[in-house]
Each structure stands twice: as C-alpha cells, then as structure tokens.
J.: 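Have a look at this one.
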4 protein chains.
Amino acid sequence: MGQRKTTPANREKIIQAASQLIRERGIDNTTLADIAVAAGISKGTLYYYYSTKGDLIFDIADRHMNNLTDRIFRWLESSGQDLPPRKVFRMVLDTVMHSRSRGQIHVYLIQEALTENPSLRKRFVEEYRRWRGIIEEGLSRVYGNHGEYATMARVLLATIDGLILQRLIGVEQIPIDSIAGYFEVTGEAYVSR
Amino acid sequence: MGQRKTTPANREKIIQAASQLIRERGIDNTTLADIAVAAGISKGTLYYYYSTKGDLIFDIADRHMNNLTDRIFRWLESSGQDLPPRKVFRMVLDTVMHSRSRGQIHVYLIQEALTENPSLRKRFVEEYRRWRGIIEEGLSRVYGNHGEYATMARVLLATIDGLILQRLIGVEQIPIDSIAGYFEVTGEAYVSR
Amino acid sequence: MGQRKTTPANREKIIQAASQLIRERGIDNTTLADIAVAAGISKGTLYYYYSTKGDLIFDIADRHMNNLTDRIFRWLESSGQDLPPRKVFRMVLDTVMHSRSRGQIHVYLIQEALTENPSLRKRFVEEYRRWRGIIEEGLSRVYGNHGEYATMARVLLATIDGLILQRLIGVEQIPIDSIAGYFEVTGEAYVSR
Amino acid sequence: MGQRKTTPANREKIIQAASQLIRERGIDNTTLADIAVAAGISKGTLYYYYSTKGDLIFDIADRHMNNLTDRIFRWLESSGQDLPPRKVFRMVLDTVMHSRSRGQIHVYLIQEALTENPSLRKRFVEEYRRWRGIIEEGLSRVYGNHGEYATMARVLLATIDGLILQRLIGVEQIPIDSIAGYFEVTGEAYVSR
DNA sequence: GATGAATGAGTTTTCATTCAT
DNA sequence: AATGAATGAAAACTCATTCAT
C-alpha cells in the first residue's frame, strides 16, 4: 500500500484516463471507478485530487478550453505572416477540430455544462466569446481591417462545432480541404461585398 | 377505477412530456418517473407503451428527425418558386434551428445516439445524408444546377448544428438574419467561382 | 420477485425496524442497509417510501413527538380527576420517560435535529413549547390556578430529559418514585410560596 | 524545513480545534481532516498524537469531565462559607451549564459514549456518580446534614442536563435565575419535610 | 516529529425495470 | 390497459487510517 513510485503527476494520469474514457463513452457513461482503474489508482485517490466528479470534469473542460484558446491564439500570430487565406482556414479547421482527443470531447463537455454545471456553462460562454474575438481579429489580418468580420467569425465557429458533431456521429469523412476552399472563396467575396 | 375511458393518445402525452423534460434537462437527467408524472400517467403505463427507456428515446428521435426532414422537404418545394436566396437561407436557418422545441432537443438526441444507442446513431447518419442531399438539391434550384453544391450544403448543415449548440449554451442572441446574409453573398460568389 | 404478501404496511415495518435500530445504536450507526434488512425489504423499497435518510428520520421523529404530545395530553385530561399530586407526577415521569422505545430514541433524534436537520430542529422547538404549555396547565389543575407554573413546568421537563439521558448512559436505576415524591413535596411548597 | 521548533503544545491545538468543531457540528460531522485544518497541522501529525479518532474524543471527554468535576468541587468548597442557598444554586446551574464551550459539547460526548465508546461510557457513569456525591455533600452543607439529599441531587443534576439539552435545541432563553429560585424555595421545603 | 498522498471499506442515493393485481 | 409497490445493480461520495519520506 501507500504510494507507488515517484508519483509522476497522479493528477495528470487522472486527467488522461478520464479524458480518454469520456471521449470513448461520454461523461455519463464514465464512472469514477472506471477512471480510477484506467488511471491505475484507487477510487479514494481520485477523491483525493477531485472531491467531486463535477470538479474533475470542470478541470478537464478547463484544460480543454485553454488548449483550444492557445491553438487559436497561435493561429492568430502565424496568420500575420501573409499566409494565403486557404492555408489559414485549413489550419484553423484542422487544428481546432482535428486534434483527435480534443474534438471528440468537446461536445460531451458542452452537454455537461448544459445539464449539470452552471459554472462550467458560464465558462463556455466566455470562452466562445473570446474565440470569436480572436477569429475576428485573425480575419481582419488576413483580409485587412476594413470591414466587419463578426458574422463570418460566427459562421466559422459554428461550422467547426457542427463539423465536430458530425464527425462524432460518423456521418462520413469530412473534406476539410474543400471546406477550407469554400471559406477562401466566400471570404473574399464577403469582404469585398 | 379512476381511468379515463377515452385515453386520447397516451402515447402522445408521453412523447410530449418526455420531449419537454429532455429539452430542459437532457436525457440522462430525465428519469422515467419524471416523465410519467409529467405525462400524468403511472410508470407502469409508461412501460406498457415503451418497454425500454431506449425505445422511448428512439421514438422521440425518430419523430424529431422525420419532422426536420419534412421541414427541409417543404423548403425544397417552396424554394422552386424563385424566392430570393436570402429569404431562402433565412427560412432554412429559421425553421430548422429556431423551432424551439426541436432545436433544443437535437443535441441531446445526438449525444444519446453516440453513447447508448447504436441503431439510433445509424439512423442519424442516414438522416444527415438525406438532409445534405435535399439541401444540395435546393441549392441547385436556387442557383441553377450548374455547379457542385456538396460543400456548401455541408457548411450550411454544419453551421446550423453549430448554431444550435451555441444557442443551447446561451452564448448570445444569434443574428439569424445577418448569417442568412452571409450565405446569400457568399453563395453567389461560390457558385460563380 | 415483485411484492411479498398483502403488504401489511411496509412503511410501518420500516418505522419499526429503524426505530429499534436507532434505539440500539444511534442514528449515525444505523445504515439504510441495516434498516432494510431488519424490515425484511430491499434498499430500493426503502427508497420507495423515503427518498432520503433524512426523510425517514424526520418521519420517525415526527411520530415520536406526536406520540409524546398525545401522552402528555392524556395526562392533562386524567389529571383533572383530583388525583393526588404524587400519583400525577409519577405518571408523567413514568409515561414520558419510561415508555422504553420512546425514551431511548429521544436523545438521538435531538442530536440529529441539532447537527443535520434544521427543520426537525424547528419542529422540536415548537413541540417543547407545546409540552411546557400542557404541563403548565396540568399543574394549574393539580394545584389550582392561582400561581405561576412556568418555572416548575420547565424544571419538570428538564428533569425528564436529564433522566432520559442518564438512563441512556446507564448511570443506575432511577428511582422514579422518590423523584415523584420530590416534586410532590416541593410543588406544594412552591405554590404556596 | 517549515516546522515550528517550539511546538507549543500541538496537542493543545488539536484539543481546542476539535472541541470547537464538535461543539458546532457534533462528533460524527467533524472529520479528522477538518480538525487538522482547524488546528493548522496535517492529518499525519494528528495521528502522531492520537492514533485513533476514538482516542482523541476520549481525551476531550476526559478533560471535559475533569473540568466539570473541578468546577463542582470548587462549588463544594465555596458553599461551605454560608452562602445563601439561592446564590449557591445559581452558581451551580450557571457554571456547569453556562460555560458555553463546555455545555455545548456535553451531549455530543454522551452520544459518542453511548454509540461508539464503551470505555468512555464507563467513565461517564463513574463521573455522574461522583458529581451526584459532590452535590449531595454540598446540599448537606447548605442545609445541614440532617436529611437525605440523594434525590434532590439527582433532580438537580438531571435538571442541569435537561437544560443543557434544551439550550442546545434553542428552545428559548433559559431563566437560570428563576430556576435557581425554584430550587431555593423547594429545597427548603424538601429538607424540612 | 511532521507530512500529505494513497487507500478501501462502507454508505447513501439513483433509477430502469418487473410484475401481481 | 393501467397501476404502483418492489427490486437490485450500480453509482457517487465519505473518511478513518496507513505509511514512505
């Protein structure tokens, strides 16, 4: 008994195990016992780090969102260097929705926020606003800041969410490339409308 | 002794009650006991009509999807009459995502399909394909059938899903109108690309 | 499976079993599983009748208090018939604190009210007031209603509680009779003070 | 690195913290983690001093009882100096039941003794006997030692316990003074019966 | 002496489902 | 058709206790 090894971040092990299980089965079908087993610890230890399932989920969601925000920020920075718009769109769509582990869990977390966790929901609301803001700024860099990009940013964001959802359902292979193409063409048009 | 002899579609009462509760709390937070109470019947009766919670959910999802399909079909028909594109887009976005009761429940049903109900999932996959097909055809009517509308249909569909999600989260008032405007402008451009 | 017999008041069986266990071990050492087993039902059935441990305890406490109130009321009525004071005191002390099952559980219930159950506490406060009122009136019948009996009633009530406590601890056999004698003598004196 | 080198009675800090928490919430609702936090030490340290929750409680109860015994002894001594009976009663009632921290914890400790801790219970039994003895002797000093004071001592002790209980419940302000008056008047009568 | 991470046995609670009536 | 009492398996949560450092 006692601990095992040098405790290489048990918290991290929990996050990893929980994230994966949630990705595979959703939140409600992932029990704390499952997580504990997958993380190779006891239920008690899980409790030691997160005194509530809600706490754990919140932390996962928190890291998830920070992660997404970071990606988008990085996109914002890189998009300053005169990349061709198509490449930029591809990158956004790709990074945000494709980073397997991330995209898969996104919808489950939203669900949780909706039904159980008001503070998580608040967090999502804020983050969505921020994301839209960043995307807006990115668009104004790509196309020059003459023009209003709020709507386009909104559509981009919604499209990403919708695609994540459809990928989860398994509708079919999603042709990121041609969708990026769509935004390239239409973006141009929308700006110079 | 005290039963209604008329029994005016108990099944309907169940569907209505269940739909509303799910809309408000999600599927996992809606118990059969809740539904029975809300429908004004007993748990036993509920089981008389649906021998499983899954069955009930499936039926709700089924009706939900049929309903959506019907709406889109109706749009397809009306869109033949030379409506201005903006109006058409507005209508699609509006009917599909705004019919309160429908949109609110959509994501929960998808969730259920993902985590519990493989046959429901299959059903969703098929339906999504069909929806995309119908939208594609509608677009080709609006813009003339020279051109490929698969991608645009995909984006439209994804946008709708994404907006439903964001409305659920409560991100902010969604300006359906300006989004319809976006698709009007960009649609034009995309077609004549 | 299904039910057993003609369901001769399962609720009653629960109350009985729970009361006895609490009497023997206190509330915190009585688990719902214990109660279910003792009542010969399943944990699920217990939940069917009381959806929370707190609810069950409240009901037990409620019945307990109603019971005590009834006893005291009955005493009040009988005390009108010119009983000699000693007999009256003996009766009060006896009935209230001796009814084995009742007295034993009293303190545990108070404890629960103190630490967990604010509404139960409120209930106790009210009941104590009522008890004091009844005892006061009884005293005024015994001694004629010239005089103030509030303090004496208070002392009587406190003495009863204290004796219950001491009996629980098992201090020693409590000589109800001589204590009744004490109140007889002193009551006389106090009245004509 | 960060320990106090002085360690000014960690044990004392534990006792203080635990006593207060128990006073506020009862024993079963006070966890060792709570106590450790309140005492500003770690759970491990707590175990260094008390190898069991029971041990800690026993120590608290022990000190509590010694304290009470001391008070009553002091009363016994002072009561030799021809204090008027009313003052004496007031003092007893007051010191024993009013010393906030003490009275509040009394009932919880009894509870614990009843349900968990047989040796603590034995201790209580002994102590109650002792208390009654002391009070008896005190009474014989106040009233002269012609007479039997066992019953009166018992009533006094029971009254105190009952009042403590009622104060915990919060029945209402307890008029110590008029109760002391009651015992003054009735004591006189009882003695000269 | 002191720490806090780790544990597991137990406890309450939840709820879909069954079935005699 | 309709009822609701009964169930059990599973889930989340609690916390005293241990022990390597």
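Computed over heavy atoms, backbone and side chain alike; hydrogens, waters and symmetry mates excluded. In what follows, every chain begins at residue 1, and chains take the letters A, B, ... in the order their sequences are listed. Everything quoted here is computed from the prediction, not taken from an experiment.
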J.: Starting from C1' on E/dA2, measure out to NZ on D/Lys13 and report it in whole angstrom.
T.: 11 Å

J.: Taking C/Asp55's backbone N and O only, do any of them form a donor-acceptor pair with C/Thr52's side chain (distance below 3.5 Å, no angle check)?
T.: no

J.: Are a donor atom and an acceptor atom from the side chains of C/Glu24 and C/Gln20 found within less than 3.5 Å of each other?
T.: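 A pair is found: one side chain offers a donor N or O, the other an acceptor, under 3.5 Å apart.
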
J.: Please tell me which of the listed nucleotides, F/dT7, F/dC13, E/dT17, lies nearest to the side chain of A/Lys43?
T.: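 Out of F/dT7, F/dC13, E/dT17, the nucleotide with an atom closest to A/Lys43's side chain is F/dC13.
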
J.: Determine the interatomic distance between C1' on E/dG1 and the same-named atom on F/dT21; round to the nearest Å.
T.: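 That atom pair is separated by 13 Å.
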
J.: Tell me whether the side-chain N/O atoms of B/Tyr49 come closer than 4.0 Å to OP1 or OP2 in F/dA1.
T.: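 No.
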
J.: Between P on E/dT13 and CG on B/Asp28, what's the gap in Å once rounded to a whole number?
T.: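 Taking CG of B/Asp28 and P of E/dT13, I get 21 Å after rounding.
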
J.: Kindly point out which of E/dT14, F/dA6, F/dA2 is positioned nearest to the side chain of B/Thr45?
T.: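 Minimum distance to the B/Thr45 side chain belongs to F/dA2.
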
J.: On the nucleotide E/dA2, are OP1 or OP2 found under 4.0 Å from the side-chain N or O atoms that D/Tyr48 carries?
T.: no

J.: Does D/Asn10 place a side-chain N or O at less than 4.0 Å from the phosphate oxygens OP1/OP2 of E/dA2?
T.: yes

J.: How long is the line joining CG of A/Leu56 and C1' of F/dA12, in whole Å?
T.: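 Answer to the nearest Å: 13 Å.
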
J.: Send over the distance from D/Tyr47 OH to F/dC19 C1', rounded to a whole Å.
T.: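 Atom OH in D/Tyr47 sits about 13 Å away from atom C1' in F/dC19.
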
J.: Return the nearest nucleotide to the side chain of A/Thr31; candidates are E/dT12, E/dG8, F/dA11.
T.: F/dA11

J.: In terms of the nearest nucleotide of DNA chain E, which residue is placed more toward the 5' end: A/Gly44 or C/Leu32?
T.: A/Gly44

J.: If you pin C/Gly54 and A/Gly40 to their nearest nucleotides in DNA chain E, which one's is more 5'?
T.: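 Between the two, 5'-proximity favours A/Gly40.
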
J.: List the atom of B/Ser19, the atom of B/Ile60, and the distance in Å for their closest heavy-atom pair.
T.: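 Shortest heavy-atom contact: OG-CG2, 3.9 Å.
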
J.: Could you check how far CD1 of D/Ile41 sits from C1' of E/dG4, rounded to whole Å?
T.: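 Rounding to the nearest Å, CD1 of D/Ile41 and C1' of E/dG4 are 12 Å apart.
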
J.: For A/Leu46 and F/dC15, give me the distance from atom CG to atom C1', rounded to whole Å.
T.: 15 Å

J.: CG of B/Asn29 versus C1' of E/dT14: gap in Å, rounded?
T.: 12 Å

J.: Is there a Watson-Crick or G-U wobble partner for E/dA20 with both distances under 3.5 Å, and if so, which one is it?
T.: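 By the stated definition (distances under 3.5 Å), F/dT3 pairs with E/dA20.
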
J.: Decide whether a cation-pi geometry holds between D/Arg11 and D/Tyr50; the criteria are a distance under 6.0 Å from NZ or CZ to the six-membered ring centre and an angle within 45° of the ring axis.
T.: yes

J.: Measure from CD on B/Glu116 to C1' on F/dA10 and round the result to the nearest Å.
T.: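 Checked: the CD to C1' distance equals 14 Å.
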
J.: Would you call the rings of D/His64 and D/His106 parallel, tilted or perpendicular, taking 30° and 60° as the class edges?
T.: tilted

J.: Closest nucleotide of DNA chain F for D/Ser51 versus for A/Ser51: which of these residues is on the 5' side?
T.: A/Ser51

J.: So if I take every side-chain heavy atom of B/Thr52 and compare against F/dT7, E/dC15, E/dT17, which nucleotide ends up nearest?
T.: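 Nearest to the side-chain atoms of B/Thr52, counting from C-beta on, is E/dT17.
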
